[in-house]
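Note on naming: letters A, B, ... go to the chains in the order of the sequence lines (proteins, then strands), and numbering restarts at 1 for each one. Note that the structure is a prediction, hence the values are computed from the model and not measured.
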Amino acid sequence: MSDSDDDIALSKRARVKDEDFSVDVSSQNSRGVTAADSDDEALVTVSRKTKKSKAPKRAATNGDSKQPPKKKLKSSSTTSKKTAPSKSQVKKEVKKEGTPTPAREGTPKEEDGDGDDGIYKWWENQQDDDSIKWETLEHNGVIFPPEYEPLPTHVKMFYDGKPVNLPPAAEEVAGFYAAMLETDHAKNPTFQKNFFKDFLKVLEESGGCNASITDFDKCDFTKMFNYFEAKKEEKKNMTAAEKKKIKAEKEKFEEPYKTCLLNGRKEQVGNFRVEPPGLFRGRGAHPKTGKLKRRVYPEDIILNLGKDAKIPDPPPGHSWGEVRHDNTVSWLAMWRENISNSVKYVRFAANSSLKGMSDYKKFEKARELKNHIERIRKDYRVMLKDQLMLNRQIATATYLIDVFALRAGGEKSDDEADTVGCCSLRFEHITLSPPNTVIFDFLGKDSIRFYQEVEVDLQVFKNLKIFKRPPKVPGDDLFDRIDPSVLNKHFQKYMPGLTAKVFRTYNASKTMQDQLDLIPNEGTPNEKVVKFNAANRTVAILCNHQRTVSKGHETAMQKINDKLKEMMWQKIRLKKMMLQLDSKLKKKKPKYFEELEDLTREDEATIHKNLIAREHEKYEKKFKRENDKRAENKEELLPKSQLKEWNNKVKELEKQYAKELKSGKPVVPDNATLEKLEAQVEKLEQRIANTMLQMKDKEDNSQVALSTSKINYIDPRLSVMFCKKYDVPIEKVFTKTLREKFKWAIESVDENWRF
DNA sequence: CCTACGACTTAGTAGTTGATCT
DNA sequence: AGATCAACTACTAAGTCGTAGG
């Protein structure tokens, strides 16, 4: 049963349909299906993947969080952890706090590339070497989260029905959990277990409390939860002026941290706030989810800035862990987090020149692949039949990466969620269905499910079958001879800098270009944007970018559906009127009147009911509104009889509908003519078509996230080109932040640019 | 060589804000 | 004017990939 609990994140997600999956691999079926070559059996199998000594692998099924008992070949590596600060001697010079710092450097040292407006247009003069990231760098350090403030004494955690006096440190941790009480995380057993363990540890370290706490189930956090909720409410109910004031103060305080000076030029900093402590929200079935993410202090922080830059003052009573001057990296500060002992960086914002340059390079690299992709595809098709197992695996993996946009799939350790990419696919992740259908079903990055039933090249199918051959069993690697580095080394031969991820970028942008090419230049800008988004969606589907369906989605859909039905009813009603004006019409245009029977009597009755209810409501509101206004103006109120009068009108209508339901003959208005009715039908049809489109769009989008591909995969110059070519304001496709991030693209291409 | 890990990109979601509806 | 919802931003987790260092 705990398994199903771990599935929470998954169950919210409906599966993505793969029917409209469209990939551009023009070559996919171009070379006719080749006959089975008989030497599959004779495959040369040298040099097994070295990591082969692996444990029997994790349990096979998706979403199963159970890990096999830990066994590691790398158990010896534990030693390396504490000794970290002693590598890379060259780069680091520890600057003792208080060291007198010379005057600052490099202010507006005018360089070429600065536009007239003083904005640095780096894209107008590119340099190739990016091993040196900056000449001078000044910044003001980072913002720390506020210290913990104990709760009021009446707000307590309860244990076994009794209030507990927790030391502040433990109370803080309990509070982290309490605040999340209603989330899925809090219901996840792994999360609870990890949280509770860390909570008890902190409790013990901070001196314990008046109760002996041993049982998670006896902890009651509701009082704390309610308190937090009330606080939230309070905050929400502040007056606009109060909110504004608080915001302004925050703004002012953060001001110095928001920007830095890079080579004397002002640039935005991205995440200048140090991550606050909390409970680790690992995604999917992460073994460490719920663990306490500890507070970060200045002593944990390593600053990186120019030699001559002023070292920002650490918070009073504290000192920086270290100060470095490494201009081969682009981070401003870093610290080590305690969950996986990995590093967190404070970096430049997405709109910075450094980020922009590397973004630009990324897309140029992907474009360069255009010149090689044909040969690569030709080669891997041949290599699919290579005698060497190693080469077959390389070719097959390349195929999967190219055609289905899989990620490389590096090896993961046992204390992370069990997710895979191409090279780490296992036996149980694909099902083969002859003659050439493959069903992929696995959890990829972020534990997002990748489910697709697809037809593949026959030789690929055969190879996959070989890769699954006994003695392999569930848990075994499909690609046991290769890993991402083998693949990437292979790719280098075709093009310097070519790696697995470049294929994703290339195919995404190529797909976008192709989709945009299909859009006719007609209609309103809004209509064109809809088409643009559809193209964007194709890319998102290719990359399997998903999102959880929003809470209100179902009801919102229902609403639109109701509206749609009502319009249908109206249309049918109009047609019925037409028949009353000219009964011979039905014979003349049978097709036109075919749909008269589409609505059932029950449907019609509900529509009537809803309509009537809405009318009543409308008048009630009108009455109230009108009287409120009059009361305010000290005017005479509308009499109750007025409301009654209105309601009587509605009742009339109701009667009329009832009659109509019986007879099937709506009352034809006096001034109606065939032409007028026909025109009205036409209009309705237009509206219905529109709404249907809207509905489809909404439904299609409910599970697909467009933003990820727009931000990371689609060359922004494509979007700019589209806007210029089709006369669509750029604001319609890029938000303000994206416009800033992609300024280089916006200012550098015209309507003829191609990916 | 191989592996661990540092540095960077890519990813979905929580929280906030602004627009729209009622 | 308040509620509701969609859009956008902020946040931080989770990938990829190259390379330092054994």
Side-chain angles (χ1 to χ4, degrees), chain A residues 9 12-13 50-51 73-74 76-81 84 86-91 133 180 183-185 232 235-236 243 247 270-276 278 280-284 286 288-289 293 304 326 328-331 334 336-337 339-345 347-350 354-355 358-359 362 407-413 416-417 419-421 423-424 444-448 483-485 487-489 491-492 497 499-502 504-505 543-548 550-553 555-556 559 614 617-618 621 625 628 698 701 705-709 711-713 734-738:
Chain A
K12 276 199 298 191
R13 247 172 238 290
T50 42
K51 64 180 191 200
L73 35 153
K74 27 189 165 183
S76 60
S77 74
T78 44
T79 45
S80 70
K81 299 208 166 159
S86 71
K87 316 177 170 173
S88 81
Q89 350 46 337
V90 200
K91 292 180 185 172
K133 312 279 184 173
M180 304 173 65
T183 67
D184 287 343
H185 285 299
K232 254 195 241 167
K235 211 171 137 194
K236 217 167 66 187
K243 283 184 194 164
K247 202 177 165 191
N271 53 333
F272 46 84
R273 251 185 301 267
V274 167
E275 291 175 20
F280 174 67
R281 290 143 124 103
R283 297 173 190 169
H286 195 123
K288 294 188 174 180
T289 194
K293 197 167 84 166
N304 189 37
D326 182 353
T328 67
V329 296
S330 62
W331 50 266
M334 63 160 256
R336 204 167 274 285
E337 51 88 38
I339 302 292
S340 313
N341 202 235
S342 66
V343 228
K344 300 271 192 172
Y345 299 96
R347 297 157 305 174
F348 286 97
L354 272 175
K355 283 280 180 79
S358 74
D359 220 27
K362 173 183 78 184
R407 296 187 184 81
E411 198 192 358
K412 293 189 77 185
S413 80
E416 297 174 275
T419 64
V420 299
C423 293
S424 46
K445 183 178 178 181
D446 293 289
S447 294
I448 294 298
D483 60 32
S485 84
L487 268 188
N488 287 338
K489 247 171 229 137
F491 294 149
Q492 300 294 320
T499 62
K501 78 194 268 282
V502 180
R504 256 169 92 81
T505 315
C543 296
N544 198 39
H545 291 144
Q546 298 184 224
R547 58 173 185 168
T548 38
S550 71
K551 189 153 46 82
H553 177 71
T555 41
K559 236 179 176 169
R614 260 204 338 251
E617 224 170 283
K618 195 174 88 189
K621 276 199 181 141
R625 204 172 46 229
D628 284 353
K698 204 181 168 101
N701 261 354
L706 302 191
S707 57
T708 309
S709 49
I711 294 170
N712 300 300
Y713 287 101
F734 285 154
T735 63
K736 184 167 153 282
T737 15
L738 278 191

I need the [atom1]-[atom2] distance between [X] and [N], as an integer number of Å.
X        : N      : atom1 : atom2 : answer
A/Asp446 : C/dA14 : CG    : C1'   : 5 Å
A/Phe348 : B/dC8  : CZ    : C1'   : 14 Å
A/Glu411 : B/dT3  : CD    : P     : 8 Å
A/Lys355 : B/dC8  : NZ    : P     : 9 Å
A/Arg407 : B/dG12 : CZ    : P     : 7 Å
A/Lys736 : C/dA10 : NZ    : P     : 8 Å
A/Arg281 : B/dG15 : CZ    : P     : 6 Å

Listed nucleotide nearest any side-chain atom of [X], set [options]:
X        : options                : value
A/Ser330 : C/dA14, B/dT10, B/dC8  : B/dC8
A/Lys445 : B/dT9, B/dG12, B/dT10  : B/dT10
A/Val343 : B/dG6, C/dC17, B/dG12  : B/dG6
A/Thr735 : C/dT12, B/dT10, C/dC8  : C/dC8
A/Ala408 : C/dT12, B/dG12, C/dC17 : C/dC17
A/Lys293 : C/dA13, B/dG6, C/dA14  : C/dA13
A/Lys344 : C/dC17, B/dT9, C/dT12  : C/dT12
A/Lys501 : B/dC8, B/dA11, B/dT10  : B/dT10

Kindly say whether A/Asn701 contributes a backbone atom to a donor-acceptor pair with the side chain of A/Arg547 at under 3.5 angstrom?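 Confirmed, A/Arg547 side chain pairs with A/Asn701 backbone.
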Once you measure the plane-to-plane angle for A/Trp331 and A/Tyr345, does it fall in the parallel (<30°), tilted (30-60°) or perpendicular (>60°) bin? tilted
Looking at [X], does any N or O in its side chain come under 4.0 Å of the phosphate oxygens OP1/OP2 on [N]?
X        : N      : result
A/Ser358 : B/dC8  : no
A/Arg336 : B/dG6  : yes
A/Arg504 : C/dC17 : no

Quick one: on DNA chain B, does A/Met334 or A/Thr708 contact a more 5' nucleotide (nearest heavy atom)? A/Met334
Which sits closer to the 5' end of DNA chain B, A/Arg347 or A/Ser342, going by the nucleotide each is nearest to?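 It is A/Ser342 whose nearest nucleotide is closer to the 5' end.
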Got more than 12 heavy atoms from elsewhere within 6.0 Å of NZ, A/Lys235?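 No.
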Any donor-acceptor N or O pair under 3.5 Å, side chains A/Ser424, A/Glu411: no
What is the nucleic acid contact for A/Ser485, judged by heavy atoms within less than 4.0 Å: base, sugar-phosphate only, or nothing? nothing
